[in-house]
Amino acid sequence: MRPAPTILHLDMDAFYASAEQAAKPSLRGKAVVVGGLGPRGVVATASYEARRLGVHSAMPTAQARRLAPNAAYLVPRFSLYRTVSDQVMELLGRLSPLVEPLSLDEAFVDLEAGGTADDSASARATGEGLRTAIHAVTGLSGSVGLAGSKMLAKIASEEAKPDGLLLIEPGTERELLAPMSVRILPGVGPATGDHLRRAGMTTVHDLAEAGEAELVRLVGKAHGHGLYRMALGLDDRPVVAERDAKSVSVEDTFDVDLHDRVRVRAEVERLAVRCVERLRAADRSGRTVVLKVRRYDFSTLTRSETLRGPTDDPTVVREAAGRLLESVDTTGGVRLLGVGVTGLADYTQEDLFAQAADARELAQRAQEHSSAPVEGGEESVTEPEPDSAEVLAARRWPAGHDVHHEEHGHGWVQGSGVGRVTVRFEEPWSAPGRVLTFRVDDPLLRPADPLPLVRDAADYSSWPASLPKSRSGADSSGGGESSP
């Protein structure tokens, strides 16, 4: 633990959904859900308006539609999110050489290593300056946590959401943590939280009072030891600068144990596709596919398969993960699933058979996305022949993606199906635009690249030295919470 709150944690607010709202004036202030739109689709991110209706990440999209039938449902635009993420990470890199990205929208920063903070006042000023810069460069908001450890900085940013800043003064950790739910601690998901609740432990204070031996008995030696230290507010992990990754993986913990084998298989396939998306974003390929399964009794199994050469093919990884799943007994229920790729390389062993299968997969996924919204929020799904012109055309018009019409200019797809595509024509800096419908093969309509979210961004080339340190004008001395 540090004597000063010089570890910063940044978490962008509802990142994917906020980026879509910034890009689409007609969606600002409205419920937006970003994720898969097909029968097996899962929510990636929901705007705060959608969250108030009960929608959250990792929820099946079908369930989200029942809760928020009038929300806008969009397919992710990862090229836009990566561009914005690069802008944010570049700003963080100016604060310190020690920046530890956790995802596209989240990172730790060691302010002390960068000489940008050495006490509470300077840490707060730097955090407020960062929020100002991010808003000016990207048009989006981020929440900042400042503390003497990574765990507490992350907790602080979560408590500061949305668009806030919370600084935890060293020495106040246990008092702050005591009344909080056990779910606030890293690694305590729904299943572990429920397990602790049944043992009579619902707050962090309960964990500290129970003692290390009791926690080890309940959740195992490794997890119990770490859980006890976290309950005491102890965390000595350093901020580690981004380095060459040895593996790429994704995993999900489920609110309710999965018992349906078909659902388990579908989740594994979805995770495999997400894993490959991360692999490709890092311009890497991998040779070994790893499956992780945590069962109903907290036992965790891993299985791996080494391929004949490195790959970044989603079909190859998905099918390998599926084969690994066949060797795991999931009849009692599954709490967590994960898919990873190790043995990373900078090149890919080409596989013509996998490429052909990948083309079929893309057509199938495009077919799932080619549904037209109807009154009441349900989908009317068309199912054309796999190789029909309808499928080939529908692949080009995922909901939410950018298009350009030679007469009407830039817009985005509101929906497509039955040979038609509906487009709203607007830009990030315009007023809400009008809606027009075209044939999917209209020669004047084509897919387009995303526009920047801010047209005339301020010049922050000399930041942080030249930036005002506070966006809110609040007193930058002392601890506590600051809001814009």
Side-chain angles (χ1 to χ4, degrees), residues 1-7 9 58 100 102 106 108 145-159 166 168-240 247 249 251-259 290-303 328-338 340 479:
M1 296 293 296
R2 296 186 177 185
T6 54
I7 293 181
H9 181 259
E100 182 178 342
L102 303 180
E106 186 180 1
F108 288 109
L146 293 156
S149 71
K150 291 169 70 173
M151 179 189 77
L152 289 165
K154 184 174 175 64
I155 289 174
S157 69
E158 184 65 28
E159 291 294 299
L166 178 63
I168 299 177
E169 289 284 1
T172 67
E173 298 90 355
R174 292 194 63 175
E175 180 182 358
L176 176 81
L177 289 173
M180 291 185 174
S181 166
V182 295
R183 291 288 306 279
I184 199 71
L185 299 178
V188 181
T192 303
D194 188 57
H195 191 57
L196 293 170
R197 181 188 58 78
R198 290 196 298 269
M201 303 177 196
T202 59
T203 68
V204 177
H205 172 76
D206 294 335
L207 299 181
E209 288 295 305
E212 183 175 357
E214 177 64 9
L215 294 178
V216 167
R217 186 187 70 81
L218 285 171
V219 298
K221 184 175 181 180
H223 196 21
H225 175 70
L227 200 56
Y228 181 66
R229 284 183 55 83
M230 289 189 292
L232 299 180
L234 301 177
D235 178 20
D236 296 323
R237 294 173 299 157
V239 176
V240 180
S247 65
S249 63
E251 62 181 43
D252 273 346
T253 300
F254 305 102
D255 291 336
V256 178
D257 290 358
L258 303 185
H259 294 273
V290 180
L291 175 70
K292 176 180 177 181
V293 180
R294 179 166 296 150
R295 299 189 294 186
Y296 69 99
D297 58 356
F298 289 90
S299 61
T300 302
L301 305 177
T302 58
R303 299 287 186 269
V328 178
D329 180 11
T330 62
T331 53
V334 173
R335 296 177 179 272
L336 176 147
L337 290 169

Fill in the blank from the handout: Here the gap from Met151 atom CE to Leu185 atom CG, rounded to the nearest 0.5 Å, amounts to 6.0 Å
Exercise for the section: Could you give me the CA-CA distance, side-chain angles and deciding distance for Arg197 and Thr202, then say whether side-chain hydrogen bond (donor to acceptor under 3.5 Å, both in side chains) is met? Expected result: CA-CA 5 Å; Arg197 181 188 58 78; Thr202 59; over 6 Å; no
Fill in the blank from the handout: Rounding to 0.5 Å, atoms CD (Glu214) and CG (Asp206) come to a distance of 12.0 Å
Problem - From Glu173 atom CD to Leu234 atom CG, the distance as rounded to the nearest 0.5 Å - result: 8.5 Å
Problem - Over all atoms of both residues, closest heavy-atom pair of Pro170 and Pro3 - result: CG-O, 3.5 Å
Practice task
For residues Leu337 and Phe254, determine if any side-chain heavy atom of one lies less than 4.5 Å from a side-chain heavy atom of the other.
Solution key: yes
Practice task
Would you mind reporting whether Ile184 and Glu159 have side-chain heavy atoms less than 4.5 Å apart?
Solution key: yes
Practice task
Test side chain to side chain contact (heavy atoms under 4.5 Å, CB included) on Thr253 and Thr192 and set out the steps.
Solution key: CA-CA 10 Å; Thr253 300; Thr192 303; over 6 Å; no
Problem - Pairwise side-chain contact, Lys150 with Pro238, heavy-atom cut-off 4.5 Å (strictly under) - result: no
Problem - Test item: Arg295 and Thr330 side chains (from C-beta on) under 4.5 Å apart, heavy atoms - result: no
Practice task
Could you tell me which residues satisfy salt bridge (charged side-chain N to carboxylate O under 4.0 Å, His left out) with Asp236, sequence neighbours excluded, listed by chain and number?
Solution key: Arg229
Fill in the blank from the handout: Between Ala208 and Ala231 the two heavy atoms that sit nearest each other are N-CB, 3.9 Å
Practice task
Decide yes or no for Leu152 and Leu177: does some side-chain heavy atom of the first lie under 4.5 Å from some side-chain heavy atom of the second?
Solution key: yes
Exercise for the section: Using modelled atom types only, decide if a donor and an acceptor are shared between the side chain of Glu100 and the backbone of Val239 within a distance under 3.5 Å. Expected result: no
Exercise for the section: Check whether any side-chain heavy atom of His9 lies under 4.5 Å from a side-chain heavy atom of Ile155, and answer yes or no. Expected result: no
Exercise for the section: Answer yes or no: is there a side-chain heavy-atom contact under 4.5 Å between Val182 and Leu207? Expected result: yes
Problem - Donor-acceptor contact present, side-chain His195 to main-chain Leu218, <3.5 Å - result: yes
Problem - Test salt bridge (charged side-chain N to carboxylate O under 4.0 Å, His left out) applied to Glu251 - qualifying residues, sequence neighbours left out - result: Lys292
Exercise for the section: Report the C-alpha distance between Lys154 and Asp235 in whole Å, list the side-chain angles of each, state the deciding distance to 0.1 Å, and finish with yes or no for side chain to side chain contact (heavy atoms under 4.5 Å, CB included). Expected result: CA-CA 12 Å; Lys154 184 174 175 64; Asp235 178 20; over 6 Å; no
Handout entry: Closest non-hydrogen atom pair between Gly340 and Ser249, with its separation
Key = CA-CB, 3.6 Å
Handout entry: Leu196 vs Leu227 side-chain heavy atoms within contact, under 4.5 Å
Key = yes
Handout entry: Asp194 side-chain N/O to Ala191 backbone N/O, donor-acceptor pair under 3.5 Å
Key = no
Completion exercise
For Val334 and Leu336, the nearest pair of non-hydrogen atoms, with its separation, is CG1-O, 3.4 Å
Practice task
Mark yes or no for whether Arg2, through its side chain, and Ser149, through its backbone, hold a donor-acceptor pair below 3.5 Å.
Solution key: no
Exercise for the section: Any chance you could lay out the side chain to side chain contact (heavy atoms under 4.5 Å, CB included) test for Val204 and Met230, step after step, and finish with the verdict? Expected result: CA-CA 9 Å; Val204 177; Met230 289 189 292; over 6 Å; no
